[in-house]
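Please read the structure below before turning to the comments.
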Amino acid sequence: MSESATTTDIGTAPTVRGEIGPETVTAIVAARNEPDWMVARRRHAWQVYREMPMPTTKDEAWRYTDLSKIDWQELAMREPSPPSRVSSRDQIPAEIQAALHFDDPSSAWSVEHNSASIYDEVEEELTRQGVVFVDLAEAIVNHPELVQKYFMTSAVTPEFGKLAALHGAFVSGGRVIYVPGGVEVELPINTFRWLDIERTALFPHTLVIAGPQSKVTYVEECASPARVQDGLAMNCGVTEIIAEEGANVRYAIVQRWGRHVFHYQAVRVFAHKDAQIQTLLVTLGGGVARSDVETDLQAEGAHSEMLGIYLGDSNQHFDHYTYQLHQAPHAGSDLLYKGALKDRSRAVFRGMIRVMPGAQGTDAYQTNRNLILSEDAHADSLPNLEIEADDVRCSHGATIGQQDEQQIFYLMSRGLSRDQAEKLIVYGFFEEVLARVPVEWLHKRLTRVIERKLG
Amino acid sequence: MTEKKELLVVEDLHAAVEGEEILRGVNLTICESELHALMGPNGSGKSTLAKVVAGHPAYAVTQGSIRYRGEDLLEMEVDERARKGLFMAFQYPSEIPGVTIAQFLRHAKSAQTGEDISVLDFYDDLKDAMNELDVDEKFAERFVNDGFSGGEKKRNEILQMAMLKPDFALLDETDSGLDIDALKIVADGVNTLHRERGHFGVLIITHYQRILNYIQPDFVHVMVDGRIVRSGDRELALELEAEGYESTRGQLTAAGS
């Protein structure tokens, strides 16, 4: 792959120190020298954040995840020194190089170190076709028309929720991808995000705009070093996917942060006519991880496949909320989230299918399956339907169960130890989801990551 | 002629499931390279014997012993039994969604040999075994028993047996529900192993003597009410087919009174 430099190198964003508060917003605005429209967006988001009450466990949506346990003071933005940009792969810090997989066939890469974009490369062919793959700061400067039109205006607005509003005020890092109409990007575009400090907060923004009849696959991976970190860190990320008519978008986010991270991720898909979208959420890391994943099917013929896998151990706490919103007739959504829980880990799944009046001919499915691998692990699953049209096909189902002793006996009767048998069954359990991932290397790599976590 | 080595020796075996005694004193000795058939009416305890030998956790041995190649089988974990060359073809094998037959067999083969076997060697063997059993090559890429027909499940059991090359196999009603072609394939699987591995011993549990047209048993036993009440040669199977188990039951009652 060629390693072409981006069109304008605007350097690393200046570091801002300070607690989460209005002074910090002002400091960010002052330090970044952003255009007025962007400053206005930040200030508006901050306003929304201030006016919105912090969700508590009395709110249905946050019943299982207690935000009051987060020490916001500890999250003051303290970045020791901004990592510097590099111009070739071999200049990337060794620890990060060792953690990412440049060998996986791809058409573009970007690497983020804490909040800073430190490296990117894009195949020339993509640039020639007009594909944009830049960090948000650069997009604000060089592609203002894209950012102004789409950044937190339609898929996720600050009003989406308290943490989305916070994100809107503090946003730093993340990528903007634009694929012009008719352009098909065959190989995945990848971002590798590395967090190796504590007492900090990241606010990466992902904005994918897929033009009519275009095709793109975007894989984000979030990781931390294996060493234990004591102080809290937060990731407060937002992904917006706008799929125009007939666009085909596949998006995967693989979260394997260190255990010191509180992870929040909102993913919202805005699907136009006949758009085909697949999202995959892989939740492995973090201490507490909460995701809000929504599909907004705006027009006929749109289809959203929503996949998720999670594997918890020790005292990890995963909370997934999903929403399938059918606003138009003859659209489809198909959700499959599967999780396995070891040790004292805990998972919550809450899913909603909402079919609006007039959305006749809707096909909407929702399945959540949980495998409990230890006596102290726990899962809750709350699938839900709200249907206001009469000609629909909808179903939802949830299971929470332990491993089947008959299956274990069968595998052991062929010589596998109990431990091997249990792992193979868990592997098979996830395979139902992974088999639907069209990127072969991602499928293989996720299998390896899961195997490693299973021990 | 040298004395044949004993493979499996069952002595005065009593076993219960959910507190109910099913086996009430089974005695059975199977030596190397012998083919035994165990017949008997429904509920007589044939499958219970198979499950106890395989080590199914739901079955409790209350009395008696089983020795496998001189060792106390009941002391061994389920997986240890398999690694020592014991194989059971299940009547109702479990489904393992998401795990392909090839993956499963590789794990099993590695567990058996204690080392990671090379992918190429493994697939060569697997291909040969599948050809032998007249199974399509795509079969190995299917998830273990997931959505299989009864016949496919049985074939899968025999494929596993062919790959794992056990010293002793128990076939628990592997023949039931099979058409004649499938039955011949199962029989071929057993006969091939028997031919290739001289010491290979088998216990075929069956309802019908039909499969015994293709696998020539050295001994036929009849189980009634948790005990082996008659043993004989192949003629016994034919006799049972002609006269049914009622005559045997009568003999048992006579013997017991």
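Numbers restart at 1 for each chain; the letters A, B, ... are given by sequence-line order, proteins then strands.
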*Any B/Gln103 side-chain heavy atom under 4.5 Å of A/Tyr427 side chain*: yes
*Determine the option with the most heavy-atom pairs under 4.5 angstrom with chain A, choosing from B/Asp79, B/Leu164, B/Val144.*
B/Asp79
*Side chain from CB out, backbone as N, CA, C, O: work out which of these in B/Gln112 comes under 4.5 Å of a heavy atom of chain A, or both, or neither.*
neither
*Check whether any side-chain heavy atom of A/Gln406 sits under 4.5 Å from a side-chain heavy atom of B/Ser94, and report yes or no.*
yes
*Please report the shortest heavy-atom distance between A/Gly415 and B/Ala111, naming the atom on each side.*
O-CB, 3.2 Å
*Hey, could you give me the CD/OG distance between B/Gln160 and A/Ser413, rounded to the nearest 0.5 Å?*
7.5 Å
*Let me know if A/Phe409 has heavy atoms under 4.5 Å from chain B in its side chain, its backbone, both or neither.*
both
*Atom group of B/Asn145 that falls short of 4.5 Å from chain A, counting heavy atoms*: side chain
*Side-chain contact test, heavy atoms from C-beta onward, threshold under 4.5 Å: evaluate it for B/Val99 versus A/Glu431 and give yes or no.*
no
*Is a donor on one side and an acceptor on the other found under 3.5 Å between the side chain of A/Gln407 and the backbone of B/Glu95?*
yes
*asked:* Restricting to side chain to side chain donor-acceptor pair (under 3.5 Å), what partner residues turn up for A/His396, sequence neighbours left out?
replied: none
*asked:* Taking every non-hydrogen pair under 4.5 Å, which of A/Met412, A/Glu432, A/Gln420 racks up the most with chain B?
replied: A/Met412
*Below 6.0 angstrom between ring centroids: does that apply to A/Tyr410 and B/Tyr92?*
no
*What are the two closest heavy atoms between A/Leu424 and B/His107, and how far apart are they?*
CD1-CE1, 3.5 Å
*Using the side chain to side chain contact (heavy atoms under 4.5 Å, CB included) rule, pick out the option among A/Asp404, A/Ile408, A/Leu411 that qualifies with B/Ile96.*
A/Leu411
_Side-chain heavy atoms of A/Arg414 within contact of B/Phe87, under 4.5 Å_ = yes
_For A/Gln97, is the CD atom crowded, meaning more than 12 foreign heavy atoms sit under 6.0 Å from it?_
yes
